[in-house]
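The chain is numbered in sequence order, starting from 1.
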Amino acid sequence: MELANSRFVPASQQRTWNKLIAPETLKVCITGCETLERVSDNEYLVGLRADVGPVSARFKGRLKLTDMKPPHSYHLHFEGEGGPAGYAKGDADVVLEPEGEGTRFAYKAHADLGGRLAELRPDQAEKIARKMTDNFFSLFSVCADKTFERDEQAKVMKVPVEPDPVVAAHRSEMLSRVSWLVVPGVIMAIIAYHTFIH
């Protein structure tokens with residue numbers, strides 16, 4: 001299965017990169033992710049529950065980043081096993097480019113499915129993958145949004161910051177729109193992805 005697309009992220013290229021390789025961010029944004037542990041600078045172990053059509057299982061997987069060119073691009077190799085439910089493995093290329101006041105997040109991925117996952121029709125698997133990729137980006141955009149940067153910098157500097165009513169209202173609206181997306185899903189079962197996909 002092949003997937004390729006690009007999305008706009010409302011954050012600087014450097015901030016987008018930092019969020020993209022942060023385990024705590026990925027755990028929130030990857031649908032169904034239960035555990036995500038960094039075992040080396042460029043490698044992660046992932047545990048998630050995925051429901052893909054008639055297939056429901058817990059998957060254990062590994063993500064490895066190579067050819068890293070911060071904050072511009074990297075190559076991702078992923079593989080996940082779900083016992084009788086099957087497996088998913090593949091590769092993805094992620095590219096970040098500045099665009100206006102944000103970042104263009106482009107990705108191209110190839111995934112192979114085995115076991116019961118392979119019984120899904122190609123169009124069905126692709127439809128599910130694209131839907132869950134949309135969910136990932138909806139959540140990731142909120143996590144990376146530059147309106148959060150002020151609060152994070154204040155915490156580091158230990159300087160109290162009065163909340164901006166307009167920003168607070170905007171933030172609350174964004175969170176309410178995407179909070180329903182945090183449900184068990186399929187993104188890692190299909191492409192194991194940062195995304196991605198990046």
Side-chain angles (χ1 to χ4, degrees), residues 3-33 36-44 46 48 61-78 90-111 129-157 161 164 166-168 170-179 181-182 185 187-188 190-198:
L3 289 174
N5 206 341
S6 70
R7 304 296 178 90
F8 178 79
V9 178
S12 67
Q13 184 182 25
Q14 185 64 56
R15 179 174 173 80
T16 301
W17 175 274
N18 292 344
K19 290 294 184 181
L20 193 59
I21 63 174
E24 61 273 16
T25 301
L26 295 177
K27 185 176 180 181
V28 170
C29 298
I30 297 175
T31 304
C33 186
L36 197 152
E37 176 187 0
R38 175 180 274 163
V39 293
S40 71
D41 287 345
N42 304 325
E43 195 166 4
Y44 305 82
V46 183
L48 60 93
R62 182 179 295 268
L63 307 177
K64 186 173 183 178
L65 308 181
T66 59
D67 298 330
M68 297 182 69
K69 299 176 182 177
H72 305 287
S73 63
Y74 67 73
H75 180 80
L76 169 70
H77 176 75
F78 56 86
D91 296 271
D93 289 301
V94 175
V95 177
L96 302 180
E97 294 183 345
E99 182 175 306
E101 296 184 356
T103 301
R104 176 61 54 178
F105 182 136
Y107 64 90
K108 184 176 182 180
H110 169 79
R130 291 191 182 283
K131 179 179 179 180
M132 300 316 298
T133 302
D134 287 344
N135 291 356
F136 171 85
F137 277 105
S138 295
L139 291 168
F140 184 79
S141 291
V142 172
C143 291
D145 195 303
K146 62 184 179 182
T147 60
F148 287 82
E149 198 165 5
R150 184 183 176 200
D151 289 347
E152 291 176 1
Q153 290 175 345
K155 289 179 182 178
V156 172
M157 298 173 63
V161 176
D164 185 323
V166 176
V167 171
H170 174 61
R171 187 178 306 169
S172 176
E173 182 181 0
M174 286 193 300
L175 290 173
S176 66
R177 286 179 180 177
V178 300
S179 60
L181 297 173
V182 191
I187 190 167
M188 285 295 299
I190 300 294
I191 60 173
Y193 167 12
H194 182 162
T195 209
F196 247 24
I197 320 166
H198 176 16

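Checked against the 6.0 Å centroid threshold, F137 and Y107 count as a close aromatic pair.
With sequence neighbours excluded, the residues satisfying side chain to side chain contact (heavy atoms under 4.5 Å, CB included) with A22 are E24, T25. With sequence neighbours excluded, no residue satisfies side chain to side chain donor-acceptor pair (under 3.5 Å) with N5. The salt bridge (Lys or Arg N to Asp or Glu O under 4.0 Å) check on E43 picks up R62, with sequence neighbours excluded. Every side chain to side chain contact (heavy atoms under 4.5 Å, CB included) that T103 has, sequence neighbours left out, goes to Q13, T16, L96. Partners of H75 under the side chain to side chain contact (heavy atoms under 4.5 Å, CB included) rule, at least two apart in sequence or in another chain, are T66, D67, D91, D93. Scanning for salt bridge (Lys or Arg N to Asp or Glu O under 4.0 Å) contacts around R38 gives an empty result, with sequence neighbours left out. Residues forming a salt bridge (Lys or Arg N to Asp or Glu O under 4.0 Å) with E37 (at least two apart in sequence, or on another chain): none.
Between E99 and F8, the shortest heavy-atom distance links the atoms O-CE1, 3.3 Å. The two atoms that bring N135 and T31 nearest to each other are CB-OG1, 4.1 Å, heavy atoms only. A pairwise comparison of heavy atoms in A109 and A92 identifies CB-CB, 3.8 Å as the closest pair. The two residues C143 and K19 have their closest heavy-atom pair at O-CE, 3.6 Å. Closest of all the heavy-atom pairs between L36 and K27 is CD1-N, 4.2 Å. Taking every heavy atom of both residues into account, A144 and A11 meet most closely at O-CB, 2.9 Å.
If you take CZ on F140 and CD1 on I30, they are separated by 10.5 Å, rounding to the nearest 0.5 Å. Rounded to the nearest 0.5 Å, atoms OG (S73) and CD (E97) are 9.5 Å apart. Distance check, rounded to the nearest 0.5 Å: OH of Y44 to CD1 of I21 gives 5.5 Å.
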**OP:** Start with the C-alpha gap between F78 and V46, add the side-chain angles, then the distance that decides, and say whether side-chain contact (heavy atoms from CB on, under 4.5 Å) holds.
**Re:** CA-CA 10 Å; F78 56 86; V46 183; over 6 Å; no
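Side-chain contact check for R7 versus D134: some heavy-atom pair is nearer than 4.5 Å.
When atom types are taken as modelled, the side chain of H77 and the backbone of L65 share no donor-acceptor pair closer than 3.5 angstrom.
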